[in-house]
2 protein chains.
Amino acid sequence: MAYNIPVEATLDVIGGKWKVVIMCHLIKGERRTSELKKLMPGITQKMLTQQLRELEADGVVNRTVFDQVPPKVVYSLTEYGWSLRPILDAMCSWGEGHIALIEKEVAN
Amino acid sequence: MAYNIPVEATLDVIGGKWKVVIMCHLIKGERRTSELKKLMPGITQKMLTQQLRELEADGVVNRTVFDQVPPKVVYSLTEYGWSLRPILDAMCSWGEGHIALIEKEVAN
DNA sequence: CTGTATCCGTGAAGATACTG
DNA sequence: CAGTATCTTCACGGATACAG
């Protein structure tokens, strides 16, 4: 694939609808599938799995399966995934500021 | 709207399919509609206008109309839009590194 | 040159049920 | 608990034509 501008490559990796949200949660530490679901009430099982698979394929997320019953699967950022941290941090903090701004406007 | 995590607010603003690309181009300076189209061969007139309108509505992009014939419209980042720069810069440079990595893999 | 309006196909994403 | 498999829906986004 030829990109017209490098940033498109970034969007290929974290441009999915839920990918940034998932990554932001994983920054705080590894999470089980069920934990991620609770953290993202809006996502369906299908989408969660799908987005995680794609992140895995791009080498930014790790999937660890514990061979036990009931099953336990844990997701975490790979070392390469950690290189996205500056982006994720920036997006998180900008979002906080933006929300504060919106609520201020609503108050008026 | 209630966000489950602040970063969702950020995605509301720059989560559109072309928004980050547009913003990255505007970082380098104001651009006319036709210039943006050339910079983004894959985008349609409709999508370009739509995404620009939404960015405008969110206060991150400015639209300046010159009253002349033929029409001339110039887009630029607003002051608030500039606050997104850390995110955009990080995404751009990460993309560059990611592309380099991919091409290296292909070479093997 | 810039923008709007319309039509329409595709595919993303939801709901549901089922497996191990 | 975690994941897969269908089926369906609907909105995103493309193509096209037209207007100022």
Examine distances only and state if a side-chain atom of A/E8 and a backbone atom of A/N4 form a donor-acceptor pair shorter than 3.5 Å.
yes

Does a side-chain N or O from A/T44 land closer than 4.0 Å to OP1 or OP2 of C/dG14, or not?
yes

A/K37 NZ - D/dA2 P separation (whole Å)
7 Å

Hydrophobic cluster membership, with links at side-chain heavy-atom distances under 4.5 Å among I/L/V/M/F/W/Y: are B/L101 and A/I5 in one?
yes

Kindly say whether the aromatic ring centers of B/H98 and A/Y3 come within a distance under 6.0 Å.
no

Would you kindly say whether B/Q51 and B/K17 are connected by a side-chain donor-acceptor distance under 3.5 Å?
no

Tell me the interatomic distance from B/M47, atom CE, to D/dA11, atom P, rounded to whole angstroms.
15 Å

Which residues within residues 26-34 of chain B lie with some heavy atom under 4.0 Å of an atom in DNA chain C?
B/R32, B/T33, B/S34

Does D/dA2 have its OP1 or OP2 closer than 4.0 Å to a side-chain nitrogen or oxygen of A/R63?
no

When you measure from the side chain of A/Y75, which nucleotide among C/dT2, D/dG3, D/dG13 comes out closest?
D/dG3

N/O contacts under 3.5 Å, protein versus nucleotides 18-20 of chain D?
none

Can you sort out the partners of A/E54 under salt bridge (charged side-chain N to carboxylate O under 4.0 Å, His left out), two or more places apart, ordered by chain and number?
A/K19

Donor-acceptor pair, B/T78 side chain versus B/G59 backbone, under 3.5 Å?
yes

With ILVMFWY side chains joined below 4.5 Å, transitively, what does A/V74's cluster contain besides itself?
A/F66

Ignoring hydrogens and geometry, is there a side-chain-to-backbone donor-acceptor pair from B/T10 to A/W94 under 3.5 Å?
no

Would you please name every residue forming a salt bridge (charged side-chain N to carboxylate O under 4.0 Å, His left out) with A/R85, sequence neighbours left out?
A/D89

Starting at NZ of A/K72 and ending at C1' of D/dG3, how long is that distance when rounded to a whole Å?
18 Å

Figure out the NZ/P separation between B/K17 and D/dC12, and round it to whole Å.
12 Å

CG of A/L48 versus P of C/dA12: gap in Å, rounded?
17 Å

Does the ring center of B/Y75 lie less than 6.0 Å from the ring center of B/H25?
no

Under 3.5 Å, N/O pairs linking protein and nucleotides 4-9 of chain D:
none

Cluster overlap A/V69 with A/V65, hydrophobic side-chain contacts below 4.5 Å:
no

